4 protein chains.
Amino acid sequence: MNKTKNLIFKSAIKIFSESGYRGATMDDIAANAGLVKGTLYYHFKSKEEIFNFIVEEGLQILQNQVIEVQNMNIGPIEKLIKICRIQLTFLYGYTDFFKIVMSQLWGTEHRQNELRHKIRKYINEIEINIRTAMEIGEIKKGDVELIAFQFFGSLCSSAIYESIHIEKINLEDIIESTIKFTLNGLGIDINRYI
Amino acid sequence: MNKTKNLIFKSAIKIFSESGYRGATMDDIAANAGLVKGTLYYHFKSKEEIFNFIVEEGLQILQNQVIEVQNMNIGPIEKLIKICRIQLTFLYGYTDFFKIVMSQLWGTEHRQNELRHKIRKYINEIEINIRTAMEIGEIKKGDVELIAFQFFGSLCSSAIYESIHIEKINLEDIIESTIKFTLNGLGIDINRYI
Amino acid sequence: MNKTKNLIFKSAIKIFSESGYRGATMDDIAANAGLVKGTLYYHFKSKEEIFNFIVEEGLQILQNQVIEVQNMNIGPIEKLIKICRIQLTFLYGYTDFFKIVMSQLWGTEHRQNELRHKIRKYINEIEINIRTAMEIGEIKKGDVELIAFQFFGSLCSSAIYESIHIEKINLEDIIESTIKFTLNGLGIDINRYI
Amino acid sequence: MNKTKNLIFKSAIKIFSESGYRGATMDDIAANAGLVKGTLYYHFKSKEEIFNFIVEEGLQILQNQVIEVQNMNIGPIEKLIKICRIQLTFLYGYTDFFKIVMSQLWGTEHRQNELRHKIRKYINEIEINIRTAMEIGEIKKGDVELIAFQFFGSLCSSAIYESIHIEKINLEDIIESTIKFTLNGLGIDINRYI
DNA sequence: AATGAATGAGGTTTCATTCAT
DNA sequence: CATGAATGAAACCTCATTCAT
């Protein structure tokens, strides 16, 4: 990615995350990058293309790390824990990117359908581990897909937390707490309540 | 709420959920309601007002149910379980409304800041119960706020699940699974891994 | 056609004829109609739609008159003479419209292909009469299609004449001269030269 | 004309003929020539200059041939016949060029006024012969100018014919038919109808 | 000579809002 | 109450032109 394209890339992430896809204007993106609108169109065919480029690049980074874990010679639970850590580190490293994803995960516009499709594929990786863990008896049988989404939801929770919570956070604390919550929930003896 | 206003209300929820706030046009909202654009302005001052009205009404319904629970004479865990059920039932009953909230929870526009503020207040209710549960030793000490968000995140997970998953779901199954996940996570003996 | 739409229609004909399809701007059309750009889009979906509307309406008027002639109980030559008169009267009555057609008859853009197709259909009407006249021996056998185009070309000639020639013309003189030219050409004894 | 300039020249003719002056983009012209936009500006000052260059070169070729005829020691009718043949041969040899001229013959933009002016001068050559032919009694008296345009219109007819008619044509057939039409029209005994 | 990048003026289109009826 | 027409600000996008290399 050449210098100007990278400038646009970064600027667009900022603007999209602040204003959403529709709310972001090409003028804003250009101005924020210290460029002129026309220049954006030299490097990208359209606003939509900038968006797709961002999504592609961002998810690639996350996906790559996950695949690395998947190829490790460790058990499914260890993999899930690692993925949890990756997800959260990613979230706090690329907060703006994440907000973009979150805001565009809903709705029926083409770009939104596409994005959901990509996220679905990502969750598949998680699902694989949960299924394996069930098969070898490490976690109780259940709706694999649903549980995979709940696992992924930890990301979502943290994103909302980050979005609403203003004070500085400590990433390690959050990772630890989230992993614990994912593994044990509130840590309640379920039989006492259900 | 008179008949036409209600028509607009329902139409706007549908359109906002499909296209987001910015993507939704007054024309779309009107057409979907079988009305004409001008008519909307008889019942609402602006697009923003329609949005606010929807958010207010929607969250009111949720909030009311939660307050009812809060006033019950039961323990904090029981309350949390009930709230979990309420949240999910609400989510599946008002899916479109929920998508609107989810899509507008990010970004720095006024309407988005406002919405986050309201959600923050809602999460406070959850926080109260978690704090109490900690105080009476029902759950282990931890970052109350973060855990409250993780609890709320179950909602988020389910919303994404609903959004991505196409097949018909069984609400009771989801509620049961989610409550279990919330109480026990993946049900892993944490000491073996951390 | 309501008042404003008619205003736009007339304005667009003027602007298109002056600047061609691409050279004409929506701002020009609006300003010339005493309106604001946005108003154009209330009545027409796009610039292309305005263009199509103009072509449709214009050719309709011409076509209607020709069909009337075709239905008369007269010989093919008489019909051709009448059509020649109609064409020229139309040309001088709707000069601007004609210039639009002429300027858009070339090129490979969609709108141009469409227009050629429509003109082709119009020329068919002429062709019918030429074929009949040949069959009954009123004119010599020859390439019917080509001759039909040459007949239609009289229109073209006059349009160029009108376009280049600035002085006031007398319509009846032109009609008479053109009919003569069409029937007899330069009036040369062909055998002396070919 | 050096190689690259010639490349641009040919490419521009093709693109202008396909899209008209306004519709043609410098990018299209460059790409079609296997060059890059910037290169065009090394050889031509502007788009308009490319256009003028094309018109100049094209008309020069036609004009030269006509002047050659004018200098011959033959009668005016013979000259007209030769010019007719030249015109048609030129039209079918430089179809794209001709389409450019035809599409730019209308409208009030500078380039269009200029072009009309040049065509007017060309028609003057025809006019001279018609006037002479009238003076020596070879053709009947009439509006010299108008008849000259009608003569020139045969070109126009053929251009439209070429543009609309898809099948392969035989140039000699067209030339013969057009000359006949020019000399004798439909070959009708005018007194029977007027 | 040729190129690729950048520019900015200006084009088409969208759309929330206003208003007379 | 409801409507249809009109508006204008602002959005996305195009493209001729310039310029450093």
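Source: prediction; values computed, not measured. Chain A is the first sequence line, chain B the second, and so forth, proteins listed ahead of strands; every chain is numbered from 1.
Between Thr25(A) and Ile15(A) the shortest side-chain heavy-atom distance does not fall below 4.5 Å.
Using a 4.0 Å cut-off between charged side-chain N and carboxylate O, Glu18(B) and Lys99(B) make no salt bridge. By the 4.0 Å N-to-carboxylate-O rule, Lys37(B) lies close enough to Asp27(B) to be salt-bridged with it.
Other residues, nucleotides and ligands contribute at most 12 non-hydrogen atoms within 6.0 Å of the OH atom of Tyr94(B). The environment of OH in Tyr122(B) is crowded: more than 12 heavy-atom neighbours from other residues, nucleotides or ligands sit within 6.0 Å. Counting heavy-atom neighbours within 6.0 Å of Lys118(B) NZ, excluding the residue itself, gives a total above 12.
Rounding to whole angstrom units, CG of residue Leu7(D) and P of dA2(E) are separated by 10 Å. At whole-Å resolution of the value, CG in Leu35(A) and C1' in dG8(E) are 13 Å apart. Atom CE of Met1(A) is separated from atom P of dA5(E) by 15 Å (rounded to the nearest Å). Taking atom NZ on Lys5(C) and atom C1' on dA6(F), their separation rounds to 16 Å, with Å as the unit. For Leu40(A) and dT14(F), the CG to C1' distance is 13 Å, given to the nearest whole Å. Distance Ile15(A) CD1 to dA11(F) C1': 15 Å, rounded to the nearest Å. The distance between atom CD1 of Ile8(D) and atom P of dA1(E), rounded to the nearest whole Å, is 11 Å. Atom P of nucleotide dA1(E) and atom CZ of Phe44(D) are separated by 13 Å, given to the nearest angstrom.
A residue-by-residue look at Val36(C) and Asn2(C) shows that Asn2(C) has its nearest nucleotide of DNA chain F further toward the 5' end.
For DNA chain F, if you chain together Watson-Crick or G-U pairs that step i with j, i+1 with j-1 and so on, the runs of at least three with distances under 3.5 Å are E:2-21 with F:2-21.
Residue Tyr42(D) has no polar side-chain atom (N or O) positioned under 4.0 Å from OP1 or OP2 of dA2(E). At the phosphate of dA5(E), neither OP1 nor OP2 sits under 4.0 Å from any side-chain N or O atom of Thr4(A). Residue His43(A) places at least one side-chain N or O closer than 4.0 Å to OP1 or OP2 of dA6(E).
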**OP:** At under 4.0 Å between heavy atoms, which parts of nucleotides 14-21 of chain E does protein reach? Answer with one letter per nucleotide, 5' to 3': B base, S sugar-phosphate only, - none.
**Re:** BSBBB---
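Annotation: cation-pi geometry not satisfied between Lys47(C) and Phe16(C) (NZ/CZ under 6.0 angstrom from ring centroid, within 45° of ring axis).
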Original post:
Which is it for Ile50(D) and Phe9(D) under the side chain to side chain contact (heavy atoms under 4.5 Å, CB included) test, yes or no, and what are the steps along the way?
Top reply: CA-CA 7 Å; Ile50(D) 299 182; Phe9(D) 173 69; over 6 Å; no
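In this structure a side-chain-to-backbone donor-acceptor pair under 3.5 Å is missing from Tyr21(A) to Ser103(A).
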